[in-house]
Amino acid sequence: MYKKILLPIDLAHESSWSTAAPVASMLAKAGNGELHVLTVIPDLGLSIVGSYLPEGFEEKAVQDAEARLKSFLEAHAPAGVSVKGHVVRGTIYQEILHAADTLGCDLIVMASHRPELQDYLIGPNASQVVRHARQSVHIVRG
Ligand code: ADP
């Protein structure tokens with residue numbers, strides 16, 4: 001069974017966790033493993049948009065996300081499972097792959113795409129993770 005499970009979630013979209021979180025929790029519980037919940041703040045990098053935002057905008061976004069993830073975990077963390085939250089900044093799929101490696105995860109559980117994007121069988125971040133992850137990936141279809 002899996003000992004360290006990564007659950008990447010987009011806090012702005014309930015569909016990213018509503019079905020995937022129970023699956024990840026159930027697998028963590030079954031293997032007496034840890035659950036790592038990751039939220040990525042997409043990096044604006046050198047984009048032209050970034051130059052119009054106030055100084056410290058991205059740091060503030062990380063702090064807000066940390067507070068929101070903390071509240072999320074207080075409300076949704078499954079009983080009897082060790083749960084840790086992580087907020088990072090960067091390119092979403094790259095940060096998911098990086099976190100899975102650096103945390104030593106053996107499974108990534110994630111939703112396939114937002115329901116409103118029904119044309120996709122799998123979204124852009126989920127497809128990159130499936131393609132490049134060294135770990136097993138459990139894609140939960142919405
Ligand atoms: P869509 O564009 O339809 O949302 P994605 O591939 O981006 O498709 O989303 C699928 C999954 O990618 C989400 O359920 C979530 O697991 C992960 N994901 C998307 N955005 C983020 C984010 N900001 N932080 C962490 N994980 C994310």
Side-chain angles (χ1 to χ4, degrees), residues 1-31 33-79 81-142:
M1 266 298 167
Y2 301 105
K3 289 290 169 203
K4 274 196 185 186
I5 298 174
L6 184 67
L7 173 69
I9 63 166
D10 178 349
L11 285 166
H13 290 106
E14 185 174 337
S15 62
S16 74
W17 52 266
S18 55
T19 316
V23 171
S25 301
M26 187 261 292
L27 289 169
K29 209 173 262 186
E34 292 173 9
L35 182 59
H36 291 263
V37 182
L38 174 76
T39 288
V40 183
I41 309 292
D43 214 342
L44 293 172
L46 294 175
S47 104
I48 187 76
V49 177
S51 63
Y52 289 98
L53 294 169
E55 192 144 334
F57 172 85
E58 288 177 297
E59 289 73 17
K60 174 86 171 53
V62 171
Q63 285 166 12
D64 287 353
E66 282 170 348
R68 289 172 60 205
L69 182 58
K70 189 164 173 278
S71 307
F72 173 86
L73 293 177
E74 280 163 7
H76 298 283
V81 177
S82 163
V83 183
K84 292 192 181 104
H86 309 270
V87 174
V88 296
R89 232 170 74 185
T91 302
I92 295 170
Y93 76 88
Q94 286 176 350
E95 293 303 324
I96 296 172
L97 295 167
H98 183 67
D101 287 345
T102 54
L103 293 169
C105 293
D106 47 7
L107 178 70
I108 303 169
V109 177
M110 62 197 293
S112 53
H113 60 81
R114 275 174 275 167
E116 56 267 35
L117 302 177
Q118 290 289 357
D119 288 353
Y120 290 125
L121 284 175
I122 187 166
N125 290 298
S127 69
Q128 291 285 14
V129 171
V130 166
R131 186 167 297 169
H132 297 291
R134 292 175 227 272
Q135 297 78 7
S136 297
V137 182
H138 185 131
I139 294 292
V140 181
R141 291 243 180 262

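Counting convention: from 1, in listed order, for ligands and their atoms alike. On a predicted model such as this, the values are computed, not experimentally measured, just so you know.
Contact check on Lys70 versus Glu74 returns a salt bridge, with a Lys/Arg side-chain nitrogen under 4.0 Å from an Asp/Glu carboxylate oxygen.
When only non-hydrogen protein atoms are considered, atom 7 (O) of ligand 1 lies nearest to Asn125 ND2, 2.7 Å. In terms of protein heavy-atom proximity, atom 18 (N) of ligand 1 is closest to Ile92 CG2, 4.0 Å. What sits closest to atom 12 (O) of ligand 1 on the protein, heavy atoms only, is Met110 CE, 3.3 Å.
Once rounded to the nearest 0.5 Å, the distance linking CG of Asp101 with NE2 of His132 reads 12.5 Å. Here the straight-line distance linking atom OG of Ser15 with atom CZ of Arg114 works out to 7.5 Å at 0.5 Å rounding. With values rounded to the nearest 0.5 angstrom, Lys4 atom NZ is found 9.0 Å from Ser82 atom OG. Here the OH-CD distance, from Tyr2 to Gln135, works out to 11.0 Å after rounding to the nearest 0.5 Å.
A donor-acceptor pair shorter than 3.5 Å cannot be found between the side chains of His98 and Gln94.
Looking at Leu38 against ligand 1, only its backbone comes within 4.0 Å, counting heavy atoms. Under 4.0 Å from ligand 1, the heavy atoms of Ile9 that appear belong solely to its backbone.
Checked by distance only, ligand 1 and Pro42 stay at 3.5 Å or farther apart across all their nitrogen or oxygen atoms. At least one N or O atom of Arg114, backbone or side chain, sits closer than 3.5 Å to an N or O atom of ligand 1.
The contact set between ligand 1 and His113, taken as ligand atoms under 4.0 Å from a residue heavy atom, comprises 3 (O), 8 (O).
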